[in-house]
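Quick notes on the structure that follows.
When a residue number appears, it is its place in the shown sequence, counting from 1. Small disclaimer: the values here were computed from a predicted structure and weren't measured. Both counts, for ligands and for their atoms, begin at 1 and track the order of listing.
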Amino acid sequence: MHDKLVALVTGANQGIGLQIAKDLVAHGFTVLVGSRNLERGEAAAKIIRGDARALQLDVTDEASIAAAAERIREELGRLDVLINNAAISNTRKTPGMSLQEYAKISRPSNTPLDEVRAVWETNVFGVLAVTQAMLPLLREAPGARIVNVSSGLGSLTANSDPAYPWRSFFSPVYPASKTALNAITLAFAIELESAGIKVNAVSPGFTKTNLNGYEGVESLEEGAVEAVRVALLGPDGPTGTFTHAKLGTIPW
Ligand code: NAP
């Protein structure tokens, strides 16, 4: 069995996932850089100083998920931390379309179901499928951690408040996919509490990445902080939480 702690970060070939991978390597982990495109994963792993290895993983592809779990077992024999980071925000936003313009075509009344399904396939069912596949390995680890990278945009409590500034962006596509992800996070946290596996959701904040056409304002380093903190929680740390680095607890 591999002698160092092992972390898998999905969608780690760019953006916040890549930064989380860099930070976990700096904390001494062997990090598996999950990437649906192996070449992009290999390129990302190369720029990380330390033990980072590319792992082909498309979270919407059952065969890819099964092969990834098998490879981890064969090559490393352990998995201590799973960061479910991979996500997409839409399938219809064209280059140059602002977030405001896209919001107008993704209302509950006019969003095509195909887009809702595609985004939920990655952001919700992908997380469920990857977590289920990795659980046998995680259960064998002495103090496994699962971190789901969510978004404050998915908070039902926040969106119920007329003063919430992002309220006009709440839609069945990306924001509601993160609401569903929060529910799945809590369900896993409840099931795995007795196994000592902590399952928490984090919000990176509005971070400058491909996901939002680089309209975000936080740096990648800032966006990765909370996921890394929660991945490193000790045995007395909480489970079933939803937090942000600066705002603290976010209401579900
Ligand atoms: P990003 O730069 O677009 O990165 C998303 C990553 O997910 C990419 O590596 C992408 O791979 C990967 N991905 C997408 N579909 C996948 C699939 N089917 N299988 C495997 N990987 C897949 O976006 P980001 O902002 O860093 O997003 C990271 C996380 O932060 C997401 O969960 C996002 O919802 C969350 N978040 C971001 C913000 C923000 O402001 N940026 C705010 C709140 C929450 P490709 O390179 O192949 O496309």
Side-chain angles (χ1 to χ4, degrees), residues 8-23 32-45 47-48 54-65 67-68 82-91 93 95 99 117-131 133-134 146-155 158 166 169-171 173-182 184-185 200-228 230 242-247 250:
L8 165 61
V9 185
T10 67
N13 55 286
Q14 64 167 317
I16 295 166
L18 174 54
Q19 186 63 44
I20 294 170
K22 284 181 184 170
D23 293 351
L32 296 164
V33 176
S35 177
R36 56 179 159 177
N37 176 298
L38 183 59
E39 282 173 13
R40 284 202 291 267
E42 282 169 347
I47 64 165
I48 300 176
L55 180 69
Q56 198 283 329
L57 178 54
D58 181 334
V59 304
T60 64
D61 177 349
E62 244 177 77
S64 166
I65 296 170
L82 168 62
I83 314 269
N84 286 307
N85 166 79
I88 57 172
S89 55
N90 70 87
T91 59
K93 186 169 169 291
L99 294 176
R117 287 197 179 100
V119 170
W120 283 54
E121 199 59 54
T122 304
N123 300 5
V124 184
F125 306 123
V127 172
L128 190 53
V130 170
T131 306
M134 300 302 160
I146 300 170
V147 182
N148 292 339
V149 182
S150 183
S151 167
L153 293 181
S155 166
W166 295 99
F169 290 88
F170 195 58
S171 94
V173 188
Y174 177 82
S177 78
K178 294 300 189 179
T179 312
L181 173 63
N182 287 349
I184 283 171
T185 304
N200 292 292
V202 298
S203 169
F206 193 35
T207 309
K208 212 177 183 57
T209 69
N210 185 49
L211 190 96
N212 50 39
Y214 299 93
E215 285 191 48
V217 292
E218 306 274 342
S219 68
L220 292 178
E221 288 79 2
E222 290 168 311
V225 164
E226 189 62 3
V228 173
V230 169
F242 181 26
T243 56
H244 175 278
K246 293 175 200 151
L247 302 173
I250 301 181

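Ring orientation note: the planes of Trp120 and Phe125 are tilted relative to one another, at an angle of 30° to 60°.
Nearest heavy-atom pair across Ser203 and Ile250 is CB-CD1, 3.4 Å.
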Show the distances, to 0.1 Å, for all pairs joining an N/O atom of ligand 1 and a protein N/O atom that are shorter than 3.5 Å, listing one pair per line.
residue  : atom   : partner : partner atom : Å
ligand 1 : 3 (O)  : Leu211  : N            : 3.4
ligand 1 : 7 (O)  : Ala87   : N            : 3.4
ligand 1 : 9 (O)  : Gly11   : O            : 3.2
ligand 1 : 9 (O)  : Asn13   : OD1          : 2.8
ligand 1 : 18 (N) : Asp58   : OD1          : 2.9
ligand 1 : 19 (N) : Val59   : N            : 3.0
ligand 1 : 25 (O) : Thr209  : OG1          : 2.6
ligand 1 : 26 (O) : Ile16   : N            : 2.8
ligand 1 : 32 (O) : Asn85   : O            : 2.7
ligand 1 : 32 (O) : Val149  : O            : 3.4
ligand 1 : 32 (O) : Lys178  : NZ           : 3.0
ligand 1 : 34 (O) : Tyr174  : OH           : 2.5
ligand 1 : 34 (O) : Lys178  : NZ           : 2.9
ligand 1 : 40 (O) : Gly205  : O            : 3.3
ligand 1 : 40 (O) : Thr207  : N            : 2.7
ligand 1 : 40 (O) : Thr207  : O            : 3.3
ligand 1 : 40 (O) : Asn212  : ND2          : 3.0
ligand 1 : 41 (N) : Thr207  : O            : 3.1
ligand 1 : 41 (N) : Thr209  : OG1          : 3.1
ligand 1 : 41 (N) : Asn212  : ND2          : 3.3
ligand 1 : 46 (O) : Asn13   : ND2          : 2.7
ligand 1 : 46 (O) : Gln14   : NE2          : 2.8
ligand 1 : 47 (O) : Arg36   : NE           : 2.9
ligand 1 : 47 (O) : Arg40   : NH2          : 2.7
ligand 1 : 48 (O) : Arg36   : NH2          : 2.8

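Glu39 CD: 12 or fewer foreign heavy atoms inside a 6.0 Å radius.
Glu121 pairs in a side-chain contact (heavy atoms from CB on, under 4.5 Å) with only one of the listed residues (Val59, Ile88, Thr60), which is Thr60. Under the side-chain contact (heavy atoms from CB on, under 4.5 Å) rule, Leu18 has a single partner from Leu220, Val9, Ile47, which is Ile47.
Distance CD/Glu222 to CD1/Ile16: 11.0 Å, rounded to 0.5 Å.
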